[in-house]
Amino acid sequence: MRSAHTVAQVRQAEARLLASLPPGLLMQRAVHGLLSHAARRLGRVYGARVVVLAGGGDNGGDALWAGARLAARGARVDALAPGRTHPAGTAALLAAGGRLHTVSGPEPADGQPPGPGTLAGDDTAARLLAMADLVLDGLLGIGGKGGLRPEYARLAVRAPRERTVAVDVPSGVDSDTGAVVGPAVRASSTVTFGTYKRGLLVGAGAEHAGEVELVDIGLTLPAADLVALDDADADLLLPVPVSTDSKYTRGVLGLVAGSNSYPGAAVLATGGALRAAAGYLRVVSTRVAADHVRRAHPEAVVTEIDPGDADAVLAAGRVQAWAVGSGLPADGHTARIVAALLTADVPLLLDAGALGVLAQDAGYARALRERAAPTLLTPHEGEFVRLVAALGWDTETTVGELAADRLAVVRRCAAELGVTVLLKGNRTLIVDRDGLARVNTTGTPWLATAGSGDVLTGLCGSLLAGGLDALDAGSVGAHLHGRAASRAGRPLAASDLPALLRQRRTR
Ligand SMILES: NC(=O)C1=CN([C@@H]2O[C@H](COP(=O)(O)OP(=O)(O)OC[C@H]3O[C@@H](n4cnc5c(N)ncnc54)[C@H](OP(=O)(O)O)[C@@H]3O)[C@@H](O)[C@H]2O)[C@@H](O)CC1
Ligand SMILES: Nc1ncnc2c1ncn2[C@@H]1O[C@H](COP(=O)(O)OP(=O)(O)O)[C@@H](O)[C@H]1O
Ligand SMILES: [K+]
């Protein structure tokens with residue numbers, strides 16, 4: 001399990017630790033981790049060309065110190081700085097034979113840098129970066145605020161992604177939100193200290209960070225309210241049958257999905273549901289979709305209903321969870337079924353057409369809040385925006401806020417509706433009514449294909465029926481869904497996913 005913390009939490013933990021340690025020791029712990037990572041990436045340090053991008057704070061200090069250690073081991077190290085630099089780090093680099101260039105814009109005819117070293121222009125900076133075997137991005141860490149200033153931005157955009165290691169966070173990425181406003185460093189790996197910063201796991205920041213390595217520097221942090229599951233965590237949470245189980249005790253899922261227009265959604269959701277946790281699957285569909293499901297999945301128990309026949313849905317039989325919406329239109333028929341299922345006292349997953357129904361009437365908010373059993377909503381971003389518009393949120397503002405602080409927006413929605421929200425997309429977020437959050441780090445952009453969300457619905461519904469709470473069902477479902485996608489051929493079709501869900505089990 002990877003835990004993420006805010007800058008404020010890191011600062012507090014750092015202050016406590018600094019008071020008990022000799023000066024500079026914390027930075028040296030960070031430097032030690034950074035150096036190991038850099039040496040591993042270089043393979044051979046002696047003779048390698050390394051460029052350090054050095055901002056004015058401690059993040060620059062980390063990078064300069066690591067540069068000094070690499071220089072001492074025979075690397076050719078050039079530091080490029082937009083202005084003044086960390087004094088001790090600079091002294092260490094120069095003493096080890098590294099060079100410092102203050103980058104001033106156009107090639108300088110003459111002039112004095114603000115500190116030691118020489119003045120250099122953009123062309124020199126670009127040449128050194130192009131030749132570098134490795135670039136350490138120490139422009140800005142958790143002290144960064146707002147978009148990069150122009151003199152920082154010029155260096156940031158020239159760092160070659162495939163050879164750049166970000167120190168703590170990629171410069172230009174907001175450590176708390178993952179938002180990227182304007183130019184920012186894109187790294188192929190990031191070495192972060194003490195804990196994951198939220199911005200490394202969520203939003204655009206996750207994409208800029210590349211692979212993230214955590215270096216333990218001894219910080220003591222509070223329990224995290226944002227975590228990412230690893231394979232082992234998902235495996236442990238996954239319900240497995242025991243010798244006393246029957247198909248009923250493993251959990252029965254009721255899946256209301258598919259329509260004449262979208263029968264495939266029912267087939268896909270059924271495929272996902274059959275390879276998760278439930279021991280018995282009741283699929284409730286109108287005629288065309290019901291026929292498709294029967295043919296594709298003989299093990300599903302299919303009840304055929306007339307459109308909108310909510311009584312027939314409830315009469316399909318006892319279930320431990322309902323999942324409704326995949327392939328259903330957001331119309332009056334679906335509204336009747338949604339209204340009936342909202343009153344059912346078992347966990348309920350609402351997706352696609354069911355979310356469309358909720359978005360048409362603010363009155364559903366009350367029904368959601370009044371439910372005693374867990375509720376999981378699984379919108380993609382468009383569905384999310386329409387859903388919260390029904391709560392009176394301004395659409396344009398919501399879209400902007402999703403880019404600026406995705407986690408905060410999903411938290412607000414989950415709290416307001418008293419439900420767990422799974423917001424799909426790259427780095428799917430799962431947030432419960434109390435604000436506890438998970439971010440999914442599995443998957444590939446090939447999942448952006450019609451129907452893959454239907455498989456996820458079946459999967460998460462099945463996990464709810466198997467007894468997981470909504471936060472676990474959503475996050476384990478998203479984790480397994482992404483893992484299946486990583487194993488799929490390319491291009492991926494949504495119908496490839498169910499069979500690939502089968503291969504992961506270790507228990
Ligand atoms: N916490 C820990 O446990 C440990 C932390 N460690 C390390 O310390 C790092 C934090 O260092 P930090 O506090 O010195 O901040 P840092 O990120 O270097 O930036 C500050 C400078 O940036 C400037 N600046 C700000 N915004 C800007 C912008 N948009 N564009 C341009 N400039 C901008 C700002 O200038 P000012 O606005 O004040 O003029 C200031 O000079 C942390 O990430 C980690 O690497 C490890 O060594 C040990 C353990
Ligand atoms: N760029 C992306 N990277 C990783 N996963 C993605 C990306 N875009 C979408 N996904 C995933 O693909 C699935 C798409 O679901 P959804 O939009 O509901 O599709 P549909 O409704 O057609 O089934 C979700 O699980 C989502 O998280
Ligand atoms: K950085």
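From a predicted model like this one, the values you see are computed outputs, not experimental measurements. Just so you know, ligand 1 is whichever comes first in the structure, and atom 1 is the first atom listed for that ligand.
In Arg84, the CZ atom is not crowded: 12 or fewer heavy atoms of neighbouring residues, nucleotides or ligands sit closer than 6.0 Å. Other residues, nucleotides and ligands contribute only 12 or fewer heavy atoms inside 6.0 Å of the CD atom of Glu211.
Residues Glu207 and Arg161 are paired through a salt bridge, judged by an N-O separation under 4.0 Å between the basic side chain and the carboxylate. Electrostatic pairing of Asp174 and Arg198 does not count as a salt bridge here, judged by no charged N lying under 4.0 Å from a carboxylate O. No salt bridge links Asp405 with Arg411; every basic N to acidic carboxylate O contact stays at or beyond 4.0 Å. Using a cut-off of 4.0 Å between Lys/Arg side-chain N and Asp/Glu carboxylate O, Glu213 and Arg40 are scored as salt-bridged. Using a 4.0 Å cut-off between charged side-chain N and carboxylate O, Arg11 and Glu14 make a salt bridge.
Between the side chain of Ser36 and the backbone N or O of His32 there is at least one donor-acceptor pair closer than 3.5 Å. A donor-acceptor pair under 3.5 Å is absent between the side-chain atoms of Ser175 and the main chain of Lys197, judged by distance alone.
Distances between N or O atoms of Gly56 and those of ligand 1 include no value under 3.5 Å. The shortest N or O to N or O distance between Gly60 and ligand 1 is not below 3.5 Å. The shortest N or O to N or O distance between Gly147 and ligand 1 is under 3.5 Å.
Residues Val135 and Ala159 come closest through the heavy atom pair CG1-CB, 4.5 Å.
Listed by number with element, the atoms of ligand 1 under 4.0 Å from a non-hydrogen atom of Gly144 are 17 (O), 25 (C), 26 (N). Counting atoms of ligand 1 from 1 in the listed order, those under 4.0 Å from a heavy atom of Gly146 are 29 (N). Distances below 4.0 Å separate heavy atoms of Val10 from the following atoms of ligand 1: 1 (N). Per-residue contacts place Gly141 under 4.0 angstrom from the following atoms of ligand 1 (heavy atoms of the residue considered): 16 (P), 17 (O), 43 (O).
The distance from the CG atom of Leu129 to the CG atom of Leu53 is 5.5 Å, given to the nearest 0.5 Å. Interatomic distance, Asn260 CG to Ser285 OG, rounded to the nearest 0.5 Å: 10.0 Å. Put simply, CG on Leu229 and OG on Ser475 are 4.5 Å apart, with the number rounded to the nearest 0.5 Å. Here the OG atom belonging to Ser104 is positioned 7.5 Å from the CZ atom belonging to Arg154, to the nearest 0.5 angstrom. Here the straight-line distance linking atom OG1 of Thr378 with atom CG of Leu422 works out to 6.5 Å at 0.5 Å rounding. For the atom pair Phe193 CZ and Leu26 CG, the distance stands at 10.0 Å (nearest 0.5 Å).
Of the options Leu25, Asp58, Leu18, the smallest heavy-atom separation from atom 12 (P) of ligand 1 is shown by Asp58. Of all the listed residues (Leu140, Val31, Leu139), Leu140 holds the heavy atom that lies closest to atom 19 (O) of ligand 1. Of all the listed residues (Lys145, Arg84, Arg149), Lys145 holds the heavy atom that lies closest to atom 26 (N) of ligand 1.
Nearest protein heavy-atom contact of atom 49 (C) of ligand 1 is Ile217 CD1, 3.4 Å. Shortest contact from atom 13 (O) of ligand 1 to any protein heavy atom: Arg11 NH2, 2.8 Å. At the top of the distance list for atom 43 (O) of ligand 1, counting protein heavy atoms only, stands Asp168 OD2, 2.6 Å. Among protein heavy atoms, atom 45 (O) of ligand 1 sits closest to Asp62 OD2, 2.5 Å. In this structure, the protein non-hydrogen atom closest to atom 4 (C) of ligand 1 is Glu14 OE2, 3.5 Å. Counting only heavy atoms of the protein, atom 15 (O) of ligand 1 lies nearest to Gly143 CA, 3.3 Å. Atom 18 (O) of ligand 1 has its closest protein heavy atom at Asn59 N, 3.0 Å.
The presence of a protein heavy atom under 4.0 Å from atom 10 (C) of ligand 1 is confirmed. By the definition of a contact as any protein heavy atom under 4.0 Å away, atom 38 (O) of ligand 1 is not in contact.
Protein residues with a heavy atom under 4.0 Å from ligand 2 are His380, Lys424, Gly425, Asn426, Thr428, Thr444, Pro445, Leu447, Ala448, Ala450, Gly451, Ser452, Gly453, Asp454, Leu456, His481.
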Stepwise, does the salt bridge (Lys or Arg N to Asp or Glu O under 4.0 Å) test hold for Arg438 with Asp472? CA-CA 9 Å; Arg438 306 245 169 100; Asp472 285 344; 2.8 Å; yes

Working for side-chain contact (heavy atoms from CB on, under 4.5 Å), residues Leu219 and Gln9: CA-CA 10 Å; Leu219 297 184; Gln9 289 172 322; over 6 Å; no

Set out, in order, the CA-CA distance, both residues' side-chain angles and the distance that settles side-chain contact (heavy atoms from CB on, under 4.5 Å) for Val357 and Leu328, then state yes or no. CA-CA 10 Å; Val357 162; Leu328 293 183; over 6 Å; no

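Distances from ligand 1 to the non-hydrogen atoms of His86 include no value under 4.0 Å. The closest approach between a heavy atom of Gly55 and any atom of ligand 1 is not below 4.0 Å.
At a 4.0 Å heavy-atom cut-off, ligand 1 does not touch Arg29 at all.
Protein N, O or S atom count below 3.4 Å of the K ion (ligand 3): the structure gives 7.
A side-chain donor-acceptor contact under 3.5 Å links Thr334 and Asp331.
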